[in-house]
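Accompanying notes for the structure given below.
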Amino acid sequence: MTPMWHVFDLPFGVFIGVAALAGLFVGNWLTVLTHRLPRMMEREWQAQCLDAAGKPRPAGHYGLLSPASQCPACEAPIERMARIPVLGWLLLRGRCAACHAPIGWRYPVIELLTCALFAACALRFGATPIALAAMGLSAMLVALAWIDFETTLLPDVLTQPLVWAGLLVNLFDAFTSVQTAVVGAAAGYLFLWVIFHVFRLLTGREGMGQGDFKLLAALGAWFGVEALPMLLLSASLVGVLIGGTLTLTGRASRGQPLPFGPYLALAGLVMLLLGGEQGIWQFMN
């Protein structure tokens with residue numbers, strides 16, 4: 001089905017270039033989000049424990065906007081030129097200007113990955129609003145995958161809005177009909193919820209986090225119930241392959257819990273860019 005939207009009045013090549021540039025700056029923001037959000041959650045949990053114990057919360061504010069960008073090692077502020085995506089990291093040669101502590105590869109990797117994904121969305125969907133929706137989805141999947149990979153957390157503050165965003169986008173039949181989107185969200189959540197409880201009943205252990213339920217529900221809301229089998233199959237196969245490799249090479253012990261979110265996010269990105277019939281050619285006909 002073809003969305004009833006007008007194409008932006010932009011040359012195709014210009015739109016791809018603008019999308020790639022936007023991806024760099026969005027990726028730069030994602031480096032902050034993926035670093036700070038888990039720490040914000042941990043601080044809030046600690047503060048709630050202090051509240052329960054009748055103790056005062058620590059002074060100071062830590063959020064996405066403050067304090068200003070600083071070195072994780074010495075907390076020296078990052079100069080404005082050094083905040084430019086990729087270029088800033090190169091200018092610093094991957095080290096803090098104050099203490100010379102290494103600045104991780106995560107920063108340019110996230111920025112370049114988001115840049116590439118935004119350009120791919122522009123190439124696939126053309127200069128259309130559906131491309132903007134696809135860019136928003138890809139940015140959130142990058143953030144969720146990275147956070148889950150580093151911390152085994154899938155924050156509700158990201159997964160839950162992603163469910164609603166998928167349902168709202170599909171009110172206009174962007175990726176699927178709104179009916180299959182609603183069923184996809186419900187089925188995605190319930191399927192992993194059932195697997196979780198059956199596994200816990202049989203083994204006495206928890207096989208996955210509840211954030212995985214919500215992430216699959218979000219993907220179901222974006223792509224519809226018919227996409228769930230392929231999403232689950234591909235994510236599971238990649239997860240088994242990587243998990244088995246890590247176990248055989250000694251980088252993970254047998255039975256060690258491994259995050260499933262990055263594989264779901266990867267399957268979602270592949271579905272977004274390669275699956276279905278929507279794309280630039282549909283808008284050109």
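One is the number of the first residue; the rest follow in order along the sequence.
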Point to revise | Greater than 12 external heavy atoms within 6.0 Å of Gln46's CD | key: yes
Practice item. Report, as yes or no, whether the 6.0 Å neighbourhood of atom CG on Leu65 holds more than 12 heavy atoms from other residues, nucleotides or ligands. Key: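 Atom CG in Leu65 is not crowded, with 12 or fewer foreign heavy atoms closer than 6.0 Å.
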Atom pair [atom1] ([X]) and [atom2] ([Y]), whose distance is rounded to the nearest 0.5 Å:
{"X": "Ile16", "Y": "Arg124", "atom1": "CD1", "atom2": "CZ", "result": "13.5 Å"}
{"X": "Thr34", "Y": "Arg39", "atom1": "OG1", "atom2": "CZ", "result": "9.0 Å"}
{"X": "Leu137", "Y": "Leu132", "atom1": "CG", "atom2": "CG", "result": "12.5 Å"}
{"X": "Thr159", "Y": "Asp148", "atom1": "OG1", "atom2": "CG", "result": "10.5 Å"}
{"X": "Leu91", "Y": "Ile84", "atom1": "CG", "atom2": "CD1", "result": "7.0 Å"}
{"X": "Gln70", "Y": "Cys96", "atom1": "CD", "atom2": "SG", "result": "10.5 Å"}

Side chains of [X] and [Y]: does their closest heavy-atom pair fall under 4.5 Å?
{"X": "Leu113", "Y": "Ile110", "value": "no"}
{"X": "Pro155", "Y": "Lys214", "value": "no"}
{"X": "Leu171", "Y": "Leu167", "value": "no"}
{"X": "Asp212", "Y": "Leu216", "value": "no"}
{"X": "Thr114", "Y": "Trp29", "value": "no"}
{"X": "Cys121", "Y": "Leu272", "value": "yes"}
{"X": "Ile242", "Y": "Val238", "value": "yes"}
{"X": "Leu264", "Y": "Leu144", "value": "no"}

ILVMFWY cluster, [X] and [Y] together (side-chain gap under 4.5 Å):
{"X": "Leu237", "Y": "Leu241", "result": "no"}
{"X": "Leu33", "Y": "Tyr62", "result": "yes"}
{"X": "Val157", "Y": "Leu153", "result": "yes"}
{"X": "Leu92", "Y": "Leu87", "result": "no"}
{"X": "Val32", "Y": "Val109", "result": "no"}

Heavy atoms only: give me the nearest [X]-[Y] pair and the separation to one decimal.
{"X": "Glu111", "Y": "Val86", "result": "OE1-N, 2.7 Å"}
{"X": "Phe199", "Y": "Arg205", "result": "CD2-O, 3.3 Å"}
{"X": "Arg83", "Y": "Ala68", "result": "NH2-CB, 4.5 Å"}
{"X": "Leu215", "Y": "Gly261", "result": "CD2-O, 3.7 Å"}
{"X": "Gly184", "Y": "Leu228", "result": "O-CD1, 3.6 Å"}
{"X": "Asp51", "Y": "Arg57", "result": "OD2-NH2, 2.6 Å"}

Point to revise | side chain to side chain contact (heavy atoms under 4.5 Å, CB included) evaluation trace for Phe260 with Leu154 | key: CA-CA 10 Å; Phe260 189 50; Leu154 287 171; over 6 Å; no
Check your understanding: Counting only N and O atoms by type, is there a donor-acceptor contact under 3.5 Å from the side chain of Asn170 to the main-chain atoms of Phe175?
Key -> yes
Exercise for review: Look at the side chain of Thr31 and the backbone N and O of Asn28, then say whether any donor-acceptor pair between them is shorter than 3.5 Å.
Suggested key: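 Yes, Thr31 side chain to Asn28 backbone: donor-acceptor pair under 3.5 Å.
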Exercise for review: Report the C-alpha separation of Leu219 and Met271 in whole Å, then their side-chain angles, then the decisive distance to 0.1 Å, and conclude whether the side chain to side chain contact (heavy atoms under 4.5 Å, CB included) test is met.
Suggested key: CA-CA 10 Å; Leu219 294 176; Met271 178 69 67; over 6 Å; no
Point to revise | Stepwise side chain to side chain contact (heavy atoms under 4.5 Å, CB included) test for Thr151 and Met41 | key: CA-CA 11 Å; Thr151 67; Met41 295 169 62; over 6 Å; no
Review point. When the ring planes of Trp89 and Trp105 are compared, do they come out parallel, tilted or perpendicular, using 30° and 60° as the limits?
Key: tilted
Practice item. Return each pair, listed once, that meets salt bridge (Lys or Arg N to Asp or Glu O under 4.0 Å) where at least one residue sits in residues 12-24; pairs must be two or more places apart or across chains. Key: none
Practice item. Report the C-alpha distance between Tyr263 and Ser234 in whole Å, list the side-chain angles of each, state the deciding distance to 0.1 Å, and finish with yes or no for side chain to side chain contact (heavy atoms under 4.5 Å, CB included). Key: CA-CA 8 Å; Tyr263 311 128; Ser234 54; over 6 Å; no
